[in-house]
Structure formats: C-alpha cells, structure tokens
Amino acid sequence: MAEVPDELIKLERSAEEERAKLAGLSGDEYDAQWRRWREASETVQAAITAYAEATEASRYQLEQAVKKAVRYAQEDPAGE
C-alpha cells in the first residue's frame with residue numbers, strides 16, 4: 001500500500017486521544033467524553049472511506065495502515 005496520508009493519521013491520532021481521556025471518568029463526564037470519542041471515530045472512519053473510494057484502495061487495508069501508523073508511532077495514550 002502507498003504511504004498513508006498525514007490527514008488520516010492526524011484524525012486517527014485525535015480519535016485515540018479522545019479515547020484515552022475516558023480513563024478514570026464515570027457518569028456524565030464519561031458519557032460526554034464517550035460522545036466526543038465516538039464523533040472523532042466517526043470522522044476518521046468517514047475520511048478513510050472517502051479516501052479509499054477516491055483512490056480505489058482497499059478500505060480495510062487503508063484502515064489497518066492508518067491504525068498501524070498511529071499506534072506504532074506512539075505508545076498507547078490510554079496507558080499514560
């Protein structure tokens with residue numbers, strides 16, 4: 001697969017950062033943060049789908065490449 005676009009990496013990183021913020025929350029704070037994470041996740045998924053369609057790339061392979069680029073480039077933010 002060709003190089004993963006920086007914009008997709010940034011979106012995935014943002015979603016991962018929102019996910020990491022769930023740690024230690026409960027109740028309304030957790031629910032509000034979960035919604036922020038879900039919105040960020042939906043944004044990156046839509047961007048991956050659009051890019052895959054525009055370039056006729058495998059959506060699955062593109063998503064895996066994006067996740068790999070983000071997760072192997074940094075430690076899991078949820079573990080911090």
Side-chain angles (χ1 to χ4, degrees):
M1 164 159 283
E3 190 171 321
V4 177
D6 288 341
E7 182 61 26
L8 295 180
I9 292 172
K10 288 176 188 174
L11 288 171
E12 177 67 16
R13 188 171 289 130
S14 175
E16 283 297 300
E17 289 168 357
E18 293 300 327
R19 180 187 64 82
K21 292 176 186 176
L22 287 167
L25 298 179
S26 62
D28 290 341
E29 288 180 333
Y30 180 90
D31 293 343
Q33 184 58 40
W34 185 87
R35 283 190 294 278
R36 285 190 287 275
W37 171 42
R38 181 174 174 211
E39 289 171 9
S41 295
E42 289 172 351
T43 298
V44 72
Q45 291 298 316
I48 289 170
T49 298
Y51 186 85
E53 289 174 354
T55 61
E56 297 182 358
S58 163
R59 193 209 172 285
Y60 173 78
Q61 288 179 344
L62 178 60
E63 180 178 3
Q64 295 308 305
V66 169
K67 289 182 182 300
K68 182 179 179 181
V70 171
R71 293 186 180 146
Y72 290 117
Q74 64 185 25
E75 292 296 319
D76 184 357
E80 294 177 353

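Residues take their numbers from the sequence shown, with the count starting at 1.
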### Message
I need the minimum non-hydrogen distance between S58 and A52, along with the two atoms involved.
### Response
C-CB, 4.5 Å

### Message
Among residues at least two apart in sequence or on other chains, which ones pass salt bridge (Lys or Arg N to Asp or Glu O under 4.0 Å) with K21?
### Response
E18

### Task
Check side-chain contact (heavy atoms from CB on, under 4.5 Å) between T55 and all other residues, then give those that pass, not counting sequence neighbours.
Y51, A57

### Contacts of type side-chain contact (heavy atoms from CB on, under 4.5 Å), residue S41, not counting sequence neighbours
A15, W37

### Message
Please report the interatomic distance CD(E39) to OG(S14), rounded to the nearest 0.5 Å.
### Response
11.0 Å

### Query
Rounded to the nearest 0.5 Å, how far does CG of L8 lie from CZ of R13?
12.0 Å

### Query
So does D28 have more than 12 non-hydrogen atoms from other groups sitting under 6.0 Å from CG?
no

### Candidates L62, T43, V4 - the one meeting side chain to side chain contact (heavy atoms under 4.5 Å, CB included) with I48
L62

### Query
For E7, which residues count as a side-chain contact (heavy atoms from CB on, under 4.5 Å) partner, sequence neighbours excluded?
K10, L11

### Set of salt bridge (Lys or Arg N to Asp or Glu O under 4.0 Å) partners for R59, sequence neighbours left out
E63

### Query
Where do E12 and R71 land on the side chain to side chain contact (heavy atoms under 4.5 Å, CB included) test, with the steps shown first?
CA-CA 9 Å; E12 177 67 16; R71 293 186 180 146; 3.6 Å; yes

### Message
Quick test of your reading of the model: are K67 and E16 salt-bridged, counting only N-O distances below 4.0 Å?
### Response
no

#### Entry: Listed partners of R38 passing salt bridge (Lys or Arg N to Asp or Glu O under 4.0 Å), at least two apart
E42

